[in-house]
Student: 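Below is the structure I would like to discuss, written out as structure tokens.
Numbers restart at 1 for each chain; the letters A, B, ... are given by sequence-line order, proteins then strands.
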Amino acid sequence: MESVSDVVVETKNLTKTYRDFWGRQKVRALKALDLQVKRGEIFGLLGPNGSGKTTTIKLLLGLLFPTSGEVNILGRPASDVAKNERLGYLPEESYLYRFLNAEETLDFYGRLFNIPAAVRKQRVAQLIQMVGLESAKKRQLREYSKGMTRRIGLAQALINDPDLILLDEPTSGLDPIGTRNMKNLILQLKEQGKTVIMSSHLLGDVQDVCDRVGVLYQGELKELGRVEDLLKIVEQTEIRVDGLSDEAKRKIEKIVEEDKANLIFCGNPTTSLEDLFHDIIAESEAHPGKRVRGGEKA
Amino acid sequence: MIIENPIPPYLEWIGMAALNWLISVGALAALFSLIALVFLTIRKGPKQAVPAFVGGVRGALEDLFKFSWRRAFAIASLAIRESIRKKVVVVCVVFLALLMFAGWFLDPSGKDPARLCASFVYQSTTYLVLLLAIFLSALSLPADFKTKTIYTIVTKPVRSSEIVLGRIIGLATVGTAILALMAVCSYFFVSNTLNHKHVLVDGEDVKAVEGVAEDWSTLAPETVVASGETRLANGHKHKVEVFADGTARVVEENKHAHTIERIVEDDKTLYKVGSAVGALQAKTPVYGKIKFRGENGFEKERGINVGEEWEYRSYVAGSTEEAVIWTFDNITPERFPEGLPVEMTISAFRTHMGNIEKTVMGALYVRNPKTGLTAETNVFNSEKYATKALFVEREIDQEKNKVRVRTLKKTGDESTFDPVLTTADLKQTGEKYDLFEDFVVDGKLEIWLQCLDSQQYFGAAEPDLYLRAQDANVFANFFKGYLGLWQQMVILISFGVLFSAFLSGPVAMAATFGILIAGFSKNFFVEIARLEALGGGPIESFNRLVTHENMMSDLSNTFATQLIKAFDAVSGVFLSVIGLALPSFSDYNFYADCVANGYDVPWNAVAVHMTTTASFAIPLFVVGYAILRNREVAK
């Protein structure tokens, strides 16, 4: 059983309803979300546009106030500014000051963490090298390409060496090499014991890096579990055999045993995350309401 | 200089002002709390409203204690960098262009060119700097919301208080730098416009005074031996006087004089007129407390009203016992070693023209407030509204100065002047009196002003007569004049940042602009709200406007007019509260007026106004911070 301190993010019955100026309900963006993210894992939030992914991240960050329910992040409520000390956030698009250059940007965000000047200087240089922007560090961000902006955005999210990193669409706008680097970096962060929560439309990326995923649709959590568990097709068995004779095919198990063949794999076949995702969405549309999850309970 | 609302001494003012401030802030806090509670009750239900409110207040207080100046300065430096990169300095270029055009149109040949130039530069900087303050402050935070850069700020350990104060400090720093730059340009513009030289051709312009002995060495050094006029420059000429000791002086004209240089070449003495001096001044007036002496010798607060609508000045009748009395404190020989330089600007009211060529005569007296010893020190011809400089000599002669005693008579608790004169304590004939030893008691001295001509009147207000202490530094005073504008700018930036914490850019800008307009006409605003203005309250005035009704006549007593009046009365209460909470921007014109009129800006006024500015900026910061803290940053 995990100790309470292993839970980095916890939401209980988290609900967000958007209202208009007169307080009339416009849309229920998130319905009673119960979620736990544990220390050291990479958690992926999936869902089509308008499913509540970004709303969830904004609620976790305290950018939005919940209509009801609770958010605990790093042991503090989302409204507590002190939680930000150990948190890094890369927004969907890098919302940075375009009149600053890369060095000034990182220095400014470093100052917001009260990092001493000497440490800040060292950290800025290190991060700029890490995201590969040394040659452009003196250029104003207005001159940056989208990929470069993403990279400086990531660097600012890591300026405080955070324990928890929230990445909103981290690979959007990156070329294949940039995407590969970003995924490697996320895995490196995991190796360093950091917790990462990411949302992405690029399901392949999520499949590559995430330990667990949650699928949101119309504000409801439709699926939640470990990636390998979710992708397993439980009712099927797949046997992959090398050099098996035709006779043996008829009585596979017996022959495998008797023929002393080399059994390579025997287990459930897996689907792709993309197929799973489309299945969940199709099923949710056919049967609105709470879905019986195949993965785990929150 | 006309000062209708004199600024009280800081220590006298601060107690009552602080109390009023606390009451107003407390009332506003209570009002905001009530609104917040109602809002929370609607949103969260009555059970959760109170805990949510208490939690909010506690969180806000915690935030204040955990405030980090380093983070606030980081935000401030960002605001500064943003302004620089967005080329705010362009405003200075506009200002320079304005000064270049002004150089063509401002006429320095008028009677008071210093006033004209100073007023121009102060007004133009006021418009530019205040507009800039509105733009910068109202647009900066909304721009962060629009571009969502605020997301990356508030997800750092930055408190709303640091964001709001950081913005205010950063923008105020940008404004201050631009103001300083404009002030330096203005100073050079004014001194350059005022400076001019006059030509003095030797042997033509200055001629020997007739009847003066040729050997000047036998004459008293101050004897004028030659005189003449300079050539025309800037629309005026100066009289030049040469004295027996060879020195010369240029007589003041258009409120300035010139240096004059004596050059001796081959037994020939030439005089060369140099640059203008005294065009800009920083006189340091020492004001006294005014009271009036009535016809029967009794003291009273005000004199006669001669029928002027503007009741600023009060009058005393000529050739009677009536007098205007100023009581001065802290009069010491150390401050005024030679005697008392008195300057006054009084009004003369004639009931008959008499000799039109002859001005109304008046006299100044000094009086010991304890013993009643009084001496007539100066007899003068009044010039209406012209500042007259007189000098009260330290040595006072019994005969020449008609020294006499005017004693106080006690009647019960009231002390009144006794019009009967006694000479009991006078010195022996021929003995001299000393101003400080015989007339000043515990640093106190009375100066009396009387009109000598029968059926003519002198009118004065408290600031109309003052002692002129050592002048202050003109250069420093010119910059001190910008302190008023600086304070207006800080208040406006605080309002702008407050509005931008919850309104979109254009709306915040309009709201801040509204504050500027309402602040400049605060008194009128309050008059309308209190239904004291001609034409009634806002709706009634509007009704008069559209129905072409004049402001004076009563409206017909119909149901509609009753309704209008009732609405005005109710809305007036709310408007009065808003009006009283507005900053009075016109009060800050005092600084520019001081410099333009050649007076030193008193530090007492600076202290009072700075405190007032802080009393606005602090609550505005707190409200802005409370709003930002409790609003959702994302949408």
Student: B/W69 vs B/F67 aromatic rings, parallel, tilted or perpendicular, using cut-offs 30° and 60°?
Tutor: perpendicular
Student: Is A/R76 paired with A/E85 through a side-chain N to carboxylate O contact shorter than 4.0 Å?
Tutor: no
Student: Please classify the contact between A/R98 and chain B as side chain, backbone, both or neither, with a heavy-atom cut-off of under 4.5 Å.
Tutor: neither
Student: So do the side chains of A/L158 and A/L189 get within less than 4.5 Å of each other, counting heavy atoms only?
Tutor: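 Touching, per the 4.5 Å side-chain cut-off.
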Student: Report which part of A/E93 has an atom under 4.5 Å of a heavy atom belonging to chain B: side chain, backbone, both, or neither.
Tutor: neither
Student: Shorter than 4.5 Å, heavy atoms on both sides: which option in B/R70, B/R81, B/R71, B/K156 has the most such pairs with chain A?
Tutor: B/K156
Student: Between B/D144, B/V633, B/T149, which residue shows the highest count of heavy-atom pairs closer than 4.5 Å to chain A?
Tutor: B/T149
Student: For A/Q122, look at atom CD and say whether over 12 heavy atoms of other residues, nucleotides or ligands are found less than 6.0 Å away.
Tutor: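 It does not: A/Q122 CD has 12 such atoms or fewer within range.
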Student: If I measure from the heavy atoms of chain A, does B/S160 come under 4.5 Å with its side chain, its backbone, both, or neither?
Tutor: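 Neither; nothing under 4.5 Å.
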Student: Determine the interplanar angle of the A/F108 and A/Y97 rings, folded into 0 to 90°, and report it as parallel if under 30°, tilted if 30 to 60°, perpendicular if over 60°.
Tutor: perpendicular
Student: Side chain, backbone, both or neither: which part of A/L166 has a non-hydrogen atom closer than 4.5 Å to chain B?
Tutor: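 Contact with chain B: none, neither part.
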Student: A/D107, A/N160, A/L112: which one forms the most heavy-atom pairs within less than 4.5 Å of chain B?
Tutor: A/L112
Student: Is atom NZ of A/K31 surrounded by more than 12 heavy atoms (other residues, nucleotides or ligands) closer than 6.0 Å?
Tutor: yes
Student: Thinking salt bridges, do A/K53 and A/D168 make one under a 4.0 Å N-O criterion?
Tutor: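 Salt bridge flag = no for A/D168 with A/K53.
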Student: For chain A, which of B/A74, B/A72, B/S68, B/A143 has the most heavy-atom pairs under 4.5 Å?
Tutor: B/A74
Student: Return the option, out of A/L64, A/D80, A/L61, with the maximum number of heavy-atom pairs under 4.5 Å with chain B.
Tutor: A/L64
Student: At a heavy-atom separation under 4.5 Å, does B/I42 approach chain A through its side chain, its backbone, both, or neither?
Tutor: neither
Student: State whether B/R167 and B/E82 are salt-bridged, where the test is any N-O pair (Lys NZ or Arg NE/NH1/NH2 against Asp/Glu carboxylate O) under 4.0 Å.
Tutor: yes
Student: Is chain B contacted by the side chain of A/I115, its backbone, both, or neither, given a heavy-atom distance below 4.5 Å?
Tutor: backbone
